[in-house]
Visitor: 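What follows is a structure written as structure tokens; I'll ask about it next.
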Amino acid sequence: MSRVSAFQRLHPRVQQWVYDQGWTALRDAQEQAIGPILDGCDVIVSAATATGKTEAAFLPICTALAERAYPTSGFTLESPTGTDRSSSIDVLCISPLKALIDDQWTRLEQLCGYIDVPVHRWHGDVASSIKQRLRRNPSGVLLMTPESFEATFVNHGPSIRQLFGDLQRVVIDELHSFIGTARGAQLQSLLHRVDVATGRSAPRIGLSATLGDHDLAARFLRPANPGTVRVIVARDETQLNLELRGYTIARTGRTDTSGGAHHDIAQHVYHHLRGGDHLVFVNSRRDVETYSDLLTRRSDADHVVNEFHPHHGSLSREVRHAAETAVKDPSRPATVICTSTLELGVDIGTIQTVAQIGPPASTASLRQRFGRSGRRGDAATLRVYITEPAIEAGTGLVDRLRCHLTQTIATINLVAAGLIEPPADPGFNYSTLVQQTLSMIAARGGATPARLHPTLCGPGPFQDVDPTRYTRLLRCLAKADLIYQAADGLLLPTPKAEKLLRHPSFYAAFQTPEEWRLVTHDTTLGTLPVVRSLIPGDLLLFAGRRWRIRTVDPTRRLVELEPASGGNPPTFDGDIPEVGDHVRQQMPTIYNSNDVPEWLDAAAKILLTEARETWQQLDLPHRSILTTGGHLVILPWVSDTTLFTTALALRQHGLDTSIDGPTLNIDDTTPEQLHHIIQTVLANPPDAHELAALIPNHRVDKWDWVLDEHLGIDADAARRLNLPGTTHVLQQLHAELEATQPRLTGT
DNA sequence: GACCTGCTGCGGGGTG
């Protein structure tokens, strides 16, 4: 479609809005999206941050809505009187964050004002009176979180049909944040339940900046018919100024004196970021506190205003808001030290540069992070700080190979080539199926198994759950005293389930650990998960300041703090971040190459040279199995999931296998023994259930406690293993052992 | 050493 005709398909009132913005042309993605969205297709718009994705969806959507109220042609399928409105929500827009909803509400109210369509926001901070009014008189565009969507089903099941009876479009914002997660499975299930309730399915539009796999995204958006989804990919024209700085950590014995490198990095951040507006991403809340403290002390020592503000998920809304306000305020410079809390597109004004301390978690995360700077056509600026230990006699292989540095270069190379790694196939998620079963029973005031299974396990997140497995799951729910069957066959919630359903925490598909509140002078600074290690008198760094613990009140889960002069960063619980296949596969390429990226500083160049020397010394260009003493080290360059699965497959045959960074370590084994066992495994490939049975704890997600051992293994076989990847690794190792076994030597 | 996200409804009474 040509430039002119795409714009001309917009309704005159929508065109007027475009003129009034002073836009001289539509952006690439906006132009491309108009036709398919107007034609009622399912559409995915993949375009970089700040390229007007929201408008790409809503210019055509508003056109479709305006045509009903103010037809420009004499012929319309809708109400001929023009002013009549359906008593239904017209457009449902699901967004992962309350802050994103608030941002979009402001923008969309303005646009939708031109066509007299109301825009409503609905999340936990919106007054219940407003929600009640909307439920009675539904209309226009509704911006909602998945959790509020869920609450509507649980508490107002019968009204779903009317609320969404004449739904025209569904928009999913930040689509990538839902793919492969429990929350995403919940959202898919709820959308399918709307379709079942209304007997029709509105076209769906997904918006994202960082989609790695368009087929996966299309399957998420329209599971029943992914082939029909139109994918619009805007050119990513972001220019990136890049620097990677290397730091060496001195070790004295087994004591890690990384404080030295921390100080050096903080010093560099202080000198280069003071006076501007910047974001510094770190990989843990603990690091946020450590660096905030170092930078505050540095500012105090120089008697200057502290421009550095902490931001992470355990800080109170007030503390976080103060940091966001500071960096948004154009009249004073501010830098925010944050975790992934500021990774998504919440409006925080213009950011000059982005720093990343430590290896980025993934290609998608890195792309999202540096996209926070360089908006409106300016080049983005990214500075990455990487530490590696000094090499001494006892330094291990992973450190000698400078794996943090190499992994970081690999991640940067992939993003620079426009390659974003898709999330691993999530399999199905029984935990969310338990939640959806309880939700549907609550919404309908009881349901039969014959009704539940086709509704919940149709095309979508639970399509692999056959009637046999689902019956087993229902038995588990009954055994856990959550449901019972009435004489007429209807499944009903027990009093125990009623209690869980009434608690607001039911609406989220994910689990949150129990947390204790940290207060000072009646001000809540934030929360800490299970503070068993905190006792009165202890010193603590929190919210960027230093405290002494005054009292700990276990019954109220309250920790009272008073200012102090020293402090230690707190320990948070956390999941292990997973490194993906693409990043790992890229690493040998970097070791084998002689190219030295110009964006490495002198210290990082030395680290890379050291890594390549080790690589060559160990003959790693030609082999991936090393013998050290009686142990074997294997370097397969695959994802953590595949490493985990391979370790299980070898353990199943009695090999003492552990994972260290990107390597597998096998104790007390010779290459001949390994060769023999790999032959055995390849001749009798393990089945996923056998391997999953070796995992000691199957309880990962929120409702896993309901499942019996059988379903727990079933769930882990689907979500935690990569069997094809493991078979490939074992075949490669087998080939290498066949060819090179005679020259396997010690290192 | 190791992220993040979310969250009732309803009716009755009083006030401007």
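Every chain is numbered from 1 and lettered A, B, ... according to where its sequence line falls, protein lines coming before strand lines.
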Visitor: For the pair made of CZ in A/F153 and C1' in B/dC7, what is the distance, rounded to whole Å?
Guide: 17 Å
Visitor: With sequence neighbours left out, what residues match A/R383 under salt bridge (Lys or Arg N to Asp or Glu O under 4.0 Å)?
Guide: A/E243
Visitor: Give a yes or no on whether a salt bridge exists between A/D173 and A/K53, defined as a side-chain N under 4.0 angstrom from a carboxylate O.
Guide: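 So A/D173 does not pair with A/K53 through a salt bridge.
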Visitor: Counting any heavy atom closer than 4.0 Å, what does A/S148 reach on the DNA or RNA strands: base, sugar-phosphate only, or nothing?
Guide: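 It contacts sugar-phosphate atoms only.
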Visitor: Please determine whether a side-chain nitrogen or oxygen atom of A/S284 lies at a distance below 4.0 Å from atom OP1 or OP2 of B/dA2.
Guide: yes
Visitor: A/D125 CG to B/dT8 P: how many Å, rounded?
Guide: 10 Å
Visitor: Does A/R699 make a cation-pi contact with A/W705 (under 6.0 Å, within 45 degrees of the axis)?
Guide: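 Not flagged: A/R699 not positioned over aromatic ring of A/W705.
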Visitor: To the nearest Å, give me how far apart CD (A/E147) and C1' (B/dC4) are.
Guide: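 That distance rounds to 12 Å.
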Visitor: Taking only N/O atoms, report every protein-nucleotides 10-16 of chain B pair under 3.5 Å with atom names and distance.
Guide:
unit_1: B/dC10; atom_1: OP2; unit_2: A/R135; atom_2: NH2; d: 3.4

Visitor: Taking salt bridge (Lys or Arg N to Asp or Glu O under 4.0 Å) as the test, write out the residues that go with A/R136, two or more places apart.
Guide: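 Not a single residue meets the salt bridge (Lys or Arg N to Asp or Glu O under 4.0 Å) criterion with A/R136.
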Visitor: Can you see if the side chain of A/R285 gets near the phosphate of B/dC3 - specifically, an N or O under 4.0 Å from OP1 or OP2?
Guide: yes
Visitor: May I have the distance from A/K98 (atom NZ) to B/dC4 (atom C1'), rounded to whole angstrom?
Guide: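 About 13 Å, once rounded to whole Å.
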Visitor: In whole angstrom, give the distance that lies between atom CG of A/D287 and atom P of B/dC3.
Guide: 9 Å
Visitor: Could you tell me if A/T248 and A/E388 have a donor-acceptor pair between their side chains, going purely by distance under 3.5 Å?
Guide: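 There is no such pair between these side chains.
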Visitor: Roughly how many Å is it from CH2 in A/W122 to P in B/dT8, rounded to a whole number?
Guide: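 Checked: the CH2 to P distance equals 9 Å.
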Visitor: Any Lys/Arg nitrogen of A/E147 or A/R183 sitting under 4.0 Å from an Asp/Glu carboxylate oxygen of the other?
Guide: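 Here A/E147 pairs with A/R183 in a salt bridge, since their nearest N and O are under 4.0 Å apart.
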Visitor: Within this structure, what is the CD-to-P distance between A/Q368 and B/dC4, rounded to whole angstrom?
Guide: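 About 16 Å, once rounded to whole Å.
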Visitor: When you measure from the side chain of A/S340, which nucleotide among B/dC4, B/dT8, B/dG6 comes out closest?
Guide: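 Side chain of A/S340 sits closest to B/dC4.
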Visitor: Under 4.0 Å, heavy atoms only, any strand: does A/H312 hit a base, just the sugar-phosphate, or nothing?
Guide: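 Answer is sugar-phosphate: A/H312 comes under 4.0 Å of backbone atoms only.
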Visitor: On a plain distance test, is the side chain of A/T339 in donor-acceptor contact with the base of B/dC3 below 3.5 Å?
Guide: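 When only heavy-atom distances are counted, A/T339 does not reach the base of B/dC3 through any donor-acceptor pair under 3.5 Å.
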Visitor: Salt bridge check, A/D103 against A/R107: does any charged N sit closer than 4.0 Å to a carboxylate O?
Guide: no
Visitor: Determine whether the aromatic ring of A/F510 stacks with the base of B/dT5, defined as ring centroids separated by less than 5.5 Å and ring planes inclined by less than 30°.
Guide: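 Yes, A/F510 stacks on the base of B/dT5, since the ring centres sit under 5.5 Å apart and the planes are within 30°.
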Visitor: What's the closest nucleotide to the A/R286 side chain, out of B/dG6, B/dT8, B/dG1?
Guide: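 Nearest to the side chain of A/R286 among the choices is B/dG1.
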Visitor: Quick one: A/R320 CZ to B/dG6 C1', roughly how many Å, whole number?
Guide: 12 Å
